[in-house]
Amino acid sequence: DGVKTAESIHQVMPLPVVYLTAYSDPETLQRAKITEPYGYILKPFEEKELQTCIETALYKAKMEQRLRENQQWLSTILTGISEAVIATDKNGVITFANPAAEQLTGRPKQAMIGQGIAAVVCLRDEHGRAPAQHPVLQVLATGIGVQLKDHILAAQSGGEHWVTGSISLLKDDQERVSGLVMVFRAVTIEKSVQAQLLQSSKMAGIGTLASGVAHEFNNLIAIMRAKAEVALLDRDNPGFEDALKSVMSSTERAQKLTQSLLNFSKR
């Protein structure tokens, strides 16, 4: 019958269907609704009524085709970018996730759709502690977007990623909140490089300090050796007492340098 024919058409192509029928019983109407018709006209009808319904159906079909194309265009872009993107409805339930989000969270898209984002995107602070309020819930509660920085994402596989990004509200043309979108990326490698550079900087500082201390010790030892040799040559020499005082002064200086090194090593 006509309903089955419309259903078959609806399954293979986005062709607008308008019913022109004498049936108005609830069962037929319910069957017809499933095929998502663009119009349902009961006999008898006016020619103008049919014309208006067809023109409206064609216009609506054209607009929906443009919408599908825009959605496909946007989906292609979001699928191809390297940043992870997760979108939700106004209750924080996931409605979209791209491949990058699947990779970082360790969850397939099918397992994320329909789940609360706070349960899927498990975030901890830089000390490994879960935040008092998940950033997503914070955005939904305050209506203000937030930046993700120094957060650790715990993947389902057990791995961890340092991530950075943002969480922003999605609004319709009436400025009503319709959901939110979370865009983030892994910065684990950058964090590792920063740590290595910091360690290298510290080691360079230690090397400079050690070089300076060694130079000081070398000078002190040279002074003590020279003064000791002078004193040993002749104790009756008038310079003996000065040489001894110089050795003692250099010894005290060496002791202070040694103590400074000990204090530094305890940091």
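Heavy-atom basis, side chains included; hydrogens, waters and symmetry copies ignored. By convention here, the first residue in the shown sequence is residue 1.
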Measure the shortest side-chain to side-chain distance between [X] and [Y] over non-hydrogen atoms and say whether it is less than 4.5 angstrom.
X	Y	value
Tyr38	Thr56	no
Gln138	Val146	yes
Thr28	Gln30	no
Ile152	Val163	no
Met182	Ile117	yes
Leu58	Ile54	yes
Leu148	Leu123	yes

Ignoring hydrogens and angles, tell me if any N or O in the side chain of [X] forms a donor-acceptor pair with the backbone of [Y] under 3.5 Å.
X	Y	result
Asn70	Trp73	no
His10	Ser8	no
Asn98	Val85	yes

Under a 4.5 Å side-chain heavy-atom rule over Ile, Leu, Val, Met, Phe, Trp and Tyr, are [X] and [Y] clustered together?
X	Y	value
Ile144	Leu137	no
Val136	Met112	yes
Val177	Leu180	yes
Leu20	Val18	yes

Spatial distance of atom [atom1] ([X]) from atom [atom2] ([Y]) [nearest 0.5 Å]:
X	Y	atom1	atom2	result
Leu67	Lys60	CG	NZ	12.0 Å
Ser166	Lys149	OG	NZ	14.0 Å
Arg176	Ser178	CZ	OG	9.5 Å
Ile94	Arg107	CD1	CZ	8.5 Å
Thr142	Leu169	OG1	CG	7.5 Å
Phe184	His161	CZ	NE2	9.5 Å

Is Arg31 salt-bridged to Asp25, going by a charged N under 4.0 Å from an acidic O?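 Salt bridge between Arg31 and Asp25, a charged N being under 4.0 Å from a carboxylate O: no.
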
Kindly give the heavy-atom pair with the smallest separation between [X] and [Y], and that separation in Å.
X	Y	value
Ala57	Pro16	O-CB, 4.1 Å
Leu104	Ala186	CD2-CB, 3.7 Å
Val139	Ile167	CG2-CG2, 3.8 Å
Gly2	Tyr19	O-CE2, 4.0 Å
Val17	Ala6	CG1-CB, 3.9 Å
Gly165	Gln147	O-OE1, 3.3 Å

Applying side chain to side chain contact (heavy atoms under 4.5 Å, CB included), run through Ile41 and Leu50 and close with a yes or a no. CA-CA 8 Å; Ile41 301 177; Leu50 178 59; 3.8 Å; yes

For Glu175, enumerate each residue passing the salt bridge (charged side-chain N to carboxylate O under 4.0 Å, His left out) test, keeping only those at least two apart in sequence or located in another chain.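 Applying salt bridge (charged side-chain N to carboxylate O under 4.0 Å, His left out) to Glu175 gives Lys171.
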
Donor + acceptor pair across side chains of Glu69, Gln65 (<3.5 Å):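 The answer is yes; a qualifying pair exists.
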
Glu64-Tyr59 side chain donor-acceptor pair, cut-off 3.5 Å: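 Checked: Glu64/Tyr59 side chains show no N/O donor-acceptor pair below 3.5 Å.
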
Given side chain to side chain contact (heavy atoms under 4.5 Å, CB included), test Ile86 with Val121 step by step and report yes or no. CA-CA 9 Å; Ile86 296 179; Val121 183; 3.7 Å; yes

Go through the structure and list residues passing side-chain contact (heavy atoms from CB on, under 4.5 Å) with Leu29, not counting sequence neighbours.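 Checked Leu29 against side-chain contact (heavy atoms from CB on, under 4.5 Å); matches are Tyr40.
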
For atom CZ of Phe96, is the number of surrounding heavy atoms from other residues, nucleotides or ligands below 6.0 Å larger than 12?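 Correct, the count exceeds 12.
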
Passing candidate, side-chain contact (heavy atoms from CB on, under 4.5 Å) with Gln115, options Val120, Val93, Thr88: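 Answer to the side-chain contact (heavy atoms from CB on, under 4.5 Å) test with Gln115 among Val120, Val93, Thr88: Val120.
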
Criterion side chain to side chain contact (heavy atoms under 4.5 Å, CB included) on Thr21 and Lys43, from CA distance to verdict: CA-CA 6 Å; Thr21 177; Lys43 298 177 181 179; 6.0 Å; no

